[in-house]
Amino acid sequence: MLATLVGAPFHQPGWVYEEKYDGIRILAYKEGSHITLLSRNDKDRTASFPAIARAISGQRPTTLLLDGEVMALDRHKISRFQLLQRRIGRAHYAIFDCLYASGRDLRQEPLSIRRAQLERSVHEGDGLRLSRRLGADGIDAFRVARERGYEGLVAKRLASVYTEGRSREWLKIKVHQEDEFVILGYTQPSGSREYFGSLLLGAYHNQKLQYVGKVGTGFTRDVLASLYRKFQPLQWKRQPVGDFPRIPHATFLSPKLVAQIAYTEWTKDRRLRHPVFLGLRDDKDPKDVVLPEAVEHH
C-alpha cells in the first residue's frame, strides 16, 4: 500500500499521523523458522539485513507478515537514506503494519485493528521498532516533524483496509524534498574531478521520460568510481528523451538506474533546484519513477 503525496499538512478526525522514514520499504515474512525480507520490487533482501531477520525470527507468532521501512539513524536519531545506502551505522526496521498474524489474514481489517495486532505481536528491540505516532492533530504532528528534522509524515485513515498500490487513504506530507529520479546519462568531468561531472536526471510523465535537470554534488571519489563502473554496460548511442537540452559531450545511458536526490524546490520549467545525490535505489523500478503530481501543474 503506497501513500499519495499532498502539498500541505492537514487535520481530520479519524486519521493518525506517523513519522515518515527515509529508507527502504520492506515486507517481512515469518513462516515458522523461515524469514524472508522483500523489497517493493520483489528483491530478496534477507541476506542484506541478517540482524533484522534474526530479530523477526524471535517474535512469538509462528506466522507473520509485516510492512515497514529499513533505515539507518544519524546521531540525532533521524533516518537518513545515504547512511543506509553506504552501510554506515546499524540498520533498524520501523514497522507500521501487520497483514498476517498467526495464520489470520488482516488485510481487510481496518488499520486500527491491524495496529493493535502489531503491538501485540512484535516486541521492540534488537533493531525492531514500531512506527512513531507524532500526535493526534495533523497540524501539530507536521510541526513536530519539522522541528525534529524528519523527512516528513504519513497520515493514515484509521478505518482504511490494506490495498495494494497507491491510495488516498494514506497521504504523505514532506518536510524535506527528496525523490527518486532515473539516471539518463552523465557529463564529462572537469578540473580535478574524475570519472564524470554531473548526472542527467529524468522522470516519467504520461509514460514518457522527461528531463528534469542534472546533479553534480553529493559524490565521494569512491561513489564516482562505483557509479562509473555501473554506467559502462548501459551506454546508449541515442538520447533517452526527446526534449533534452543541448549538453556537449554528454554520454547517454539506458534508463535502468534510479537515484535518490535531495533538492530545495522545482523551477517553473520543471527543473530541480540545488539537487544533491544521496545514493542509488535498487528497490525501485525505473518505470515507477513519475513526475510528482504537484509539478505536473507547474
Side-chain angles (χ1 to χ4, degrees), residues 1-28 40 59 61 64-71 73 76-79 81 92-102 104-124 128-179 265-266 288 290-297:
M1 188 164 177
L2 304 175
T4 297
L5 179 65
V6 294
F10 67 93
H11 174 69
Q12 288 186 31
W15 287 68
V16 292
Y17 307 91
E18 300 179 355
E19 178 182 351
K20 185 179 187 302
Y21 298 100
D22 191 11
I24 298 175
R25 184 78 172 270
I26 290 288
L27 287 173
R40 265 179 56 183
Q59 300 303 305
L64 274 175
L65 174 51
L66 306 172
D67 192 357
E69 194 98 354
V70 171
M71 45 82 179
L73 302 172
H76 301 294
K77 306 301 182 184
I78 310 299
S79 61
F81 173 74
H92 299 261
Y93 187 37
I95 309 165
F96 47 71
D97 219 322
C98 181
L99 312 187
Y100 286 84
S102 300
R104 181 185 173 199
D105 186 349
L106 300 167
R107 290 174 296 174
Q108 294 305 307
E109 298 288 349
L111 174 62
S112 56
I113 298 295
R114 302 198 308 273
R115 176 72 186 207
Q117 182 65 59
L118 173 61
E119 292 174 1
R120 288 194 299 269
S121 299
V122 174
H123 295 284
E124 293 186 294
L128 303 185
R129 58 174 61 202
L130 303 187
S131 59
R132 302 292 187 246
R133 298 263 169 96
L134 298 182
D137 183 284
I139 303 301
D140 286 344
F142 182 80
R143 177 182 53 78
V144 170
R146 185 176 57 203
E147 289 176 353
R148 294 182 183 174
Y150 296 156
E151 186 194 0
L153 61 84
V154 181
K156 300 176 180 178
R157 198 166 70 90
L158 279 170
S160 61
V161 299
Y162 193 97
T163 56
E164 184 177 341
R166 192 75 57 189
S167 172
R168 295 197 70 85
E169 302 280 84
W170 290 8
L171 301 174
K172 56 185 177 181
I173 305 100
K174 291 188 176 181
V175 172
H176 300 293
Q177 296 280 17
E178 278 187 27
D179 279 302
E265 61 181 348
W266 289 88
D288 293 334
V290 297
L291 206 63
E293 288 183 21
V295 183
E296 293 179 13
H297 306 296

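Predicted model only: the values in this text are computed from it and were never measured. We number each residue from 1, following the sequence as shown.
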(message) Quick test of your reading of the model: are Arg157 and Glu169 salt-bridged, counting only N-O distances below 4.0 Å?
(response) yes
(request) Salt-bridge test for Glu19 and Arg133: reply yes if a basic N is under 4.0 Å from a carboxylate O, no otherwise. (result) no
(request) Would you name the heavy atoms of Tyr21 and Ser131 that are closest together and state the gap between them? (result) OH-CA, 3.4 Å
(message) Using side-chain heavy atoms (C-beta onward) and a distance below 4.5 Å, is Cys98 in contact with Leu106?
(response) yes
(message) Checking Arg120 against Gln117: is there a side-chain donor and acceptor pair closer than 3.5 Å?
(response) yes
(message) Strictly distance-based, threshold 3.5 Å: is any side-chain N or O of Tyr162 a donor or acceptor partner for the main-chain N or O of Glu109?
(response) no
(message) Do Tyr100 and Asp105 make a side-chain contact, defined as non-hydrogen atoms from C-beta onward lying under 4.5 Å apart?
(response) yes
(message) Measuring only between side-chain heavy atoms, which start at C-beta, is Val70 closer than 4.5 Å to Arg25?
(response) no
(request) Please lay out, stage by stage, how Ser167 and Leu2 fare under the test side chain to side chain contact (heavy atoms under 4.5 Å, CB included). (result) CA-CA 6 Å; Ser167 172; Leu2 304 175; over 6 Å; no
(request) List the atom of Ile78, the atom of Gly149, and the distance in Å for their closest heavy-atom pair. (result) CG2-O, 3.4 Å
(message) Just verifying a value: how many Å separate Lys174 NZ and Asp22 CG, rounded to the nearest 0.5 Å?
(response) 9.0 Å
(request) Decide yes or no for Met1 and Glu164: does some side-chain heavy atom of the first lie under 4.5 Å from some side-chain heavy atom of the second? (result) no
(request) Apply side chain to side chain contact (heavy atoms under 4.5 Å, CB included) to the pair Leu99 and Leu66, showing each step before the final yes or no. (result) CA-CA 6 Å; Leu99 312 187; Leu66 306 172; over 6 Å; no
(request) Start with the C-alpha distance between Glu151 and Lys20, add both sets of side-chain angles, then the distance that settles salt bridge (charged side-chain N to carboxylate O under 4.0 Å, His left out), and finish with yes or no. (result) CA-CA 6 Å; Glu151 186 194 0; Lys20 185 179 187 302; 3.2 Å; yes
(message) Tell me the closest heavy-atom pair linking Gly138 and Pro9, and the distance in Å.
(response) O-CB, 4.5 Å
(message) If I compare all heavy atoms of Tyr17 with all of Leu153, which pair ends up nearest, and what's the gap?
(response) CD2-CD1, 4.2 Å
(request) Name the orientation class of the two ring planes belonging to Phe10 and Trp15 (parallel below 30°, tilted from 30 to 60°, perpendicular beyond 60°). (result) perpendicular
(message) Nearest 0.5 Å, please: how far is CZ in Arg115 from CG in Leu158?
(response) 10.5 Å
(request) Could you tell me the separation between the CE atom of Met71 and the CG atom of Leu73, rounded to the nearest 0.5 Å? (result) 4.5 Å
(message) So, taking the atom named NZ in Lys156 and the one named NZ in Lys172, what distance separates them when rounded to the nearest 0.5 Å?
(response) 12.0 Å
(request) Flag the pair His92 / Arg129 as yes when at least one side-chain heavy-atom distance between them is below 4.5 Å, and no otherwise. (result) yes
(request) Calculate, to the nearest 0.5 Å, the distance between atoms CZ and CG belonging to Arg114 and Asp67 respectively. (result) 9.0 Å
(message) For Glu18, is there an ion pair with Arg132 - N to carboxylate O distance below 4.0 angstrom?
(response) no
(message) Measuring only between side-chain heavy atoms, which start at C-beta, is Leu171 closer than 4.5 Å to Val154?
(response) no
(request) Take Leu111 and Phe96 through the side chain to side chain contact (heavy atoms under 4.5 Å, CB included) test and state the conclusion after the steps. (result) CA-CA 10 Å; Leu111 174 62; Phe96 47 71; over 6 Å; no
(request) Taking all heavy atoms of Ser121 and all of Pro61, pick out the closest pair and write down the distance. (result) O-CD, 3.6 Å
(message) I'd like to check Leu291 versus Trp266 (side-chain heavy atoms, cut-off strictly below 4.5 Å). Are they in contact?
(response) yes
(request) Nearest 0.5 Å please: distance from the CD1 atom of Ile173 over to the OG1 atom of Thr4. (result) 11.0 Å
(message) Counting C-beta onward and ignoring hydrogens, is there a side-chain heavy-atom pair between Asp97 and Ile95 closer than 4.5 Å?
(response) no
(request) Decide yes or no on side chain to side chain contact (heavy atoms under 4.5 Å, CB included) for Ile26 and Arg40, but give the supporting numbers first. (result) CA-CA 7 Å; Ile26 290 288; Arg40 265 179 56 183; over 6 Å; no
